[in-house]
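None of the values given here were measured: they were computed from a predicted structure. Each chain gets a letter, A, B and so on, in the order the sequences are listed, and its residues count up from 1.
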Amino acid sequence: MTGPLHGTPALGDEFVKGLWRDNPVFVQVLGMCPALAVSNTARNALAMGLATSFVLILSNAVISSLRHVIPKQVRIATYILVIATFVTVVDYAIQAVSLDLHKALGAFISLIVVNCLILGRAEAFASKHGIGRSLLDGLGMGAGFTVALFSLGAVREILGSGTLFGIQVFHADFQPWIVMILPSGGFFTLAAWLLVFNAVTARRARAAEPLEAPR
Amino acid sequence: MSDAPLWSIFVNACLINNFVLAYFLGLCPFLGVSGKLATATRMGGAVTFVMLVSSICAFGIQQLLVAIDAPYLRLISFIAVIASTVQLVEMFIKKTSPALFRALGIFLPLITTNCAILGLALFQTNKGFDFAQCLAYALGAGAGFTLALVLIAGLREKLELATVPDVVRGTALSLVLAGLLSIAFMGFAGLGG
């Protein structure tokens, strides 16, 4: 919490900020396409979160170590090439480990390349900071993304199919809300989570207010 | 190989499997730029153009990669071509219309990371479309994207005037709108496909 005053926050903070204050999905609203598309079951959501985190951490590290070499004009294209390389690795790895999972996630594994979150972190963070900090940033953002994806997937699976990780949660009489596993359910669930986030943030802001401006 | 007629491919990409509302592709510009109707229309135009160009490029690359038997290069070459196309479009817009360039802001370079464009290239390859079918697919996807963007921009302009609780204002409300639109678009499923 007590970072040096000249503008470089503590190392731990680089990690923690991705979890809550700058959570990629709930606060920055980045990387929504995979967040909504594959979060119809908790398992898919978790796998997608981990795959994305892997790419994010490695690409952050590589881009940060190359940040003095890459010419400014072609930086975006270079970042994307680095990211695409790691995504190809992940794509083939998942295919080797579990063909089932690969089929369920489909083209969305390849689409990690264009996850705004990864390019966003490369441009906004890794290109300006050292390797250590970039690694921590990638870890934190990846963890935040995975948690967010999991909370979306869990809600949608529990309400939409009455199961969690394929295990029955409710009594057999439970009538699943089909809409939750359809595309529109993804929008509604994310909206609901954003509401929770906004409400908590607003409440904290109100609690902090009287200290600065007593009325 | 797919032998679907061109018209059905177009309708399918535009309405039934709308890229934004059914596949969740291209959500970032969808939520970011959709505040104003005029910006949304232009963004839709830009995306459709990039889609057409990159669809043609992707078709060529796929033929080449099949010929040299190197499928593992597919993702990297697709994205490289798309990124350079976007930079070209960006330079062109910056030169011809600085106002539009400012209005689009960060979202123009982010077309590169617009999943809809790479998604289009990947889907058309997976479905094994021939050249004409690719064009129909790209046009349909672009039209569908523009349609979704314009619809939500229109709704959001109206919402500016409504009084809603502070907590709901912003992205959350747009998402609920998108969800409702998505339900509406499910009605097109009967059109065939």
Roughly how far, to the nearest 0.5 Å, is the CG atom of L139(B) from the OG atom of S55(B)? 8.5 Å
Residue part contacting chain B, namely of A202(A), when any heavy atom lies under 4.5 Å: neither
For I9(B), which of Q124(B), K127(B), Q133(B) qualifies under side chain to side chain contact (heavy atoms under 4.5 Å, CB included)? Q133(B)
Find out whether L58(A) and V62(A) are in side-chain contact, i.e. whether some heavy atom of one side chain is under 4.5 Å from a heavy atom of the other. no
So for F78(B), is it side chain, backbone, both, or neither that comes closer than 4.5 Å to the heavy atoms of chain A? neither
Chain B contact via T201(A) - which portion, at a heavy-atom distance below 4.5 Å: neither
Looking at L195(A), L182(A), I83(A), D91(A), which has the largest count of heavy-atom pairs under 4.5 Å with chain B? L195(A)
Go through the atoms of I76(B) and report whether side chain, backbone, both or neither lie under 4.5 Å from a heavy atom of chain A. both
So R43(A) and L101(A), side-chain contact (heavy atoms from CB on, under 4.5 Å) or not? Walk me through it. CA-CA 9 Å; R43(A) 191 179 74 120; L101(A) 195 60; 3.9 Å; yes
Report which part of L180(B) has an atom under 4.5 Å of a heavy atom belonging to chain A: side chain, backbone, both, or neither. both
For the aromatic rings, using the six-membered ring if either is Trp, is the centroid distance between F19(B) and F145(B) under 6.0 Å? no
Comparing F197(A), Y92(A), F188(A) against chain B, the one with the most heavy-atom pairs below 4.5 Å turns out to be F188(A)
Nearest 0.5 angstrom please: L21(B) CG to I152(B) CD1, how far? 7.5 Å
